[in-house]
Amino acid sequence: MKRSFLFAAIAASIIAAPAFAADQPIVGAPGTVPHPVAQYLPISIDKNMCLMCHREQAAGAVRKKGEIPTTHYDAPGKISFARYECMLCHAESTSGAQPLAPVDANEKTE
């Protein structure tokens, strides 16, 4: 009897789980940029217009929205060479994007 109860509990948890991983946000993923970015591109180590508005997080403080974490800096005020290109990790928000057309993997293309 205990075995059937365990089976029922496992089955219920599987049925209640989301159908696809894409249905849920990825924990720890970089946030999206909630504004257009075309006017700020290209980003280079010498020219990063994101830094005009987004400031470095104060040492020891809890990060606020829009503040760049201290992990992105080599030294205070010196953005890391490995993290200066914001768009490599932070994608522009696609709230106004149209849904993608369905794709048939078996369809021949020329």
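- Not counting sequence neighbours, the partners of D74 by the side-chain hydrogen bond (donor to acceptor under 3.5 Å, both in side chains) test are S80.
- Proximity of a side-chain donor or acceptor of Q57 to a complementary backbone N or O of E67 within less than 3.5 Å is not detected.
- Taking the side-chain hydrogen bond (donor to acceptor under 3.5 Å, both in side chains) definition, one finds that H72 meets it with R83, sequence neighbours left out.
- Looking only at distances, a side-chain donor or acceptor of N48 sits under 3.5 Å from a matching main-chain atom of Y84.
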Show me the donor-acceptor pairs within less than 3.5 Å that the side chains of residues 28-39 make with the rest of the protein, sequence neighbours left out.
none

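- Using a distance-only test at 3.5 Å, with no hydrogens or angles considered, a donor-acceptor pair links the side chain of H54 to the main chain of G66.
- Nearest heavy-atom pair, R55 versus M52, reported as atom, atom and distance to 0.1 Å: NH2-O, 3.0 Å.
- Scanning both residues, L51 and Y73, for their nearest heavy atoms gives CD2-OH, 4.0 Å.
- The structure places CD1 of I79 at 5.0 Å from CD1 of I68, a figure rounded to the nearest 0.5 Å.
- The side-chain contact (heavy atoms from CB on, under 4.5 Å) test applied to K47 returns S44, M49, not counting sequence neighbours.
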